[in-house]
Amino acid sequence: MAKGGKRPKGKKITLSVAKNCIKITFDGKKRLDLSKMGITTFPKCILRLNDVDELNLSRNMIRKIPDSISKFQNLRWLDLHSNYIDKLPKSIGQMTSLIYLNVSNNRLTTDGLPVELNQLKNIRTVNFGLNHLDRVPTTLGALKELQEVGLHDNLLSTIPNNISKLPKLKKLNTERNPFPKAEESDTFIDSIKRSDNLYLVEEKDLCGPCLRKCEQAQDKLNKIKSMATVEPRRAIFSSLVSHNSMANESQEDWRIRSTSP
């Protein structure tokens, strides 16, 4: 904050400046990159460039995203991380082409996430990390195409079952949340990873020592499942959604994965 509590005067973005910030990605997409430019107010002039495929407004000082952002109907990639945003507009649900949404490192609360997020039927990656969420909207469970979810560094005490059971979910980052009994997290079974390493064999094909080992593992798994029905546990997953410091380095890799069949 500037002296006297006044907000710092941000850089004014003109249409000419914005046009010069459009880049063509290696896969032929138009990307408007206005990151790290000291912007304090969403530049309305960029609405005239609503044919871009990707929009990066990260690492600025933006406090409010207007309803008019829904004019970016072709947008598939939206990066708003590291701003001062405390809520998202309801109109974001109209941006149904979105595949990637990063709003990490802002001031979002759970009430600042509109129900209309459940309309983003094509979304594959969302990052809500480093915010002030005290619960996860169950509406996210309607996003069946989700593959990566970032919820790290919030105020969460539990994760809804319909999130962890999303059919295509591969990565879920819930680190550094105040989950109860975190010391028991080491015994939590990562069902997502486990499903990728499941091999079925006949009992008769196992040697004695291998059979006993499998029986012990099954007993342990049954015990964990019975305990999980009594108390909520902290969900820990490996291969986590990247933090903001790694965002730029991973963007090209993300494009390759998101555009592959």
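As the structure is a computational prediction, the values presented were derived from the model and not from experiment.
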*Heavy-atom distance under 4.5 Å between the side chains of I159 and V136, does that happen here?*
yes
*Residues two or more places apart in sequence or in another chain: which of them pass side chain to side chain contact (heavy atoms under 4.5 Å, CB included) with K23?*
D33
*What is the minimum heavy-atom distance between D153 and R176, and which atoms define it?*
OD1-NE, 2.7 Å
*Side-chain contact, heavy-atom cut-off 4.5 Å: D86 with H132?*
no
*Does N177 use its side chain to pair, donor to acceptor, with the backbone of L151 at less than 3.5 Å?*
yes
*Would you say the side-chain atoms of N56 pair up with the backbone N or O of S58, donor to acceptor, closer than 3.5 Å?*
yes
Could you tabulate the donor-acceptor pairs under 3.5 Å formed by side-chain atoms of residues 41-51, not counting sequence neighbours?
residue	atom	partner	partner atom	Å
N50	ND2	K71	O	3.4
D51	OD2	K30	NZ	2.8

_Using a 3.5 Å distance criterion without hydrogens, assess whether the side chain of N154 forms a donor-acceptor pair with backbone atoms of L156._
no
_Can a donor-acceptor pair be found, under 3.5 Å and without considering hydrogens, that links the side chain of N131 to the backbone of L108?_
yes
_L55 vs F72 side-chain heavy atoms within contact, under 4.5 Å_ = yes
*asked:* Any donor-acceptor pair under 3.5 Å linking the side-chain atoms of N105 with those of S82?
replied: yes
*Could you note down all residue pairs passing salt bridge (charged side-chain N to carboxylate O under 4.0 Å, His left out) where residues 104-118 supplies at least one of them, sequence neighbours left out?*
D111-R135
*Please name the residue in the list I65, L101, L113 that meets the side chain to side chain contact (heavy atoms under 4.5 Å, CB included) test with I92.*
L101
*ILVMFWY cluster, L57 and L15 together (side-chain gap under 4.5 Å)*: yes
*Measure the OG1-CD1 distance between T174 and I163 for me, rounded to the nearest 0.5 Å.*
12.0 Å
*Passes side chain to side chain contact (heavy atoms under 4.5 Å, CB included), D79 versus S35? Steps please.*
CA-CA 9 Å; D79 194 345; S35 62; over 6 Å; no
*Of all residues at least two apart in sequence or in a different chain, which pass the salt bridge (charged side-chain N to carboxylate O under 4.0 Å, His left out) check with K168?*
E145
*Is L80 close to N102 at the side-chain level, that is, under 4.5 Å between some pair of heavy atoms?*
no
*Are the charged groups of R76 and E54 less than 4.0 angstrom apart, N to O?*
yes
_Working for side chain to side chain contact (heavy atoms under 4.5 Å, CB included), residues L130 and H81_ = CA-CA 9 Å; L130 287 160; H81 86 257; over 6 Å; no
_Donor-acceptor pair, side chain of N173 and main chain of E148, under 3.5 angstrom_ = no
*Could you tell me which non-hydrogen atom of S91 sits nearest to which non-hydrogen atom of P66, and how far apart they are?*
OG-O, 4.3 Å
*Would you sort out whether I85 and R63 count as a side chain to side chain contact (heavy atoms under 4.5 Å, CB included), showing the intermediate values?*
CA-CA 4 Å; I85 302 165; R63 296 176 181 273; over 6 Å; no
_L146 vs I123 side-chain heavy atoms within contact, under 4.5 Å_ = yes
_Backbone N/O of N83 and side chain of N106: donor-acceptor pair under 3.5 Å_ = yes
_Tell me whether K121 contacts the main-chain N or O of N118 through its side chain, where contact means a donor paired with an acceptor under 3.5 Å._
yes
*What heavy-atom pair brings P89 and D67 nearest, and what distance separates the two atoms?*
CB-OD1, 3.2 Å
_Sub-4.5 Å side-chain heavy-atom contact between I99 and T125_ = no
*Check for a donor-acceptor pair, side chain of N20 on one end and backbone N or O of A18 on the other, with a separation under 3.5 Å.*
no
*What pair of heavy atoms forms the shortest contact from N60 to L34, and how long is it?*
ND2-O, 3.0 Å
_Using the side chain to side chain donor-acceptor pair (under 3.5 Å) criterion, which residues pair with D134? Sequence neighbours excluded._
T110
_Please give me the minimum heavy-atom distance between Q94 and S70, naming the atom from each residue._
OE1-OG, 3.6 Å
*So if you build clusters from Ile, Leu, Val, Met, Phe, Trp, Tyr with side-chain heavy-atom gaps below 4.5 Å, do F128 and V115 land together?*
no
*asked:* I'd like to check C21 versus L32 (side-chain heavy atoms, cut-off strictly below 4.5 Å). Are they in contact?
replied: yes
*Do T40 side-chain atoms and M61 backbone N/O form a donor-acceptor pair below 3.5 Å?*
no
*Take T138 and N162 through the test side chain to side chain contact (heavy atoms under 4.5 Å, CB included) and record every step on the way to the result.*
CA-CA 7 Å; T138 55; N162 66 343; 3.9 Å; yes
*Please examine the side chains of L78 and L98, heavy atoms only from C-beta on, and report whether any two atoms are closer than 4.5 Å.*
yes
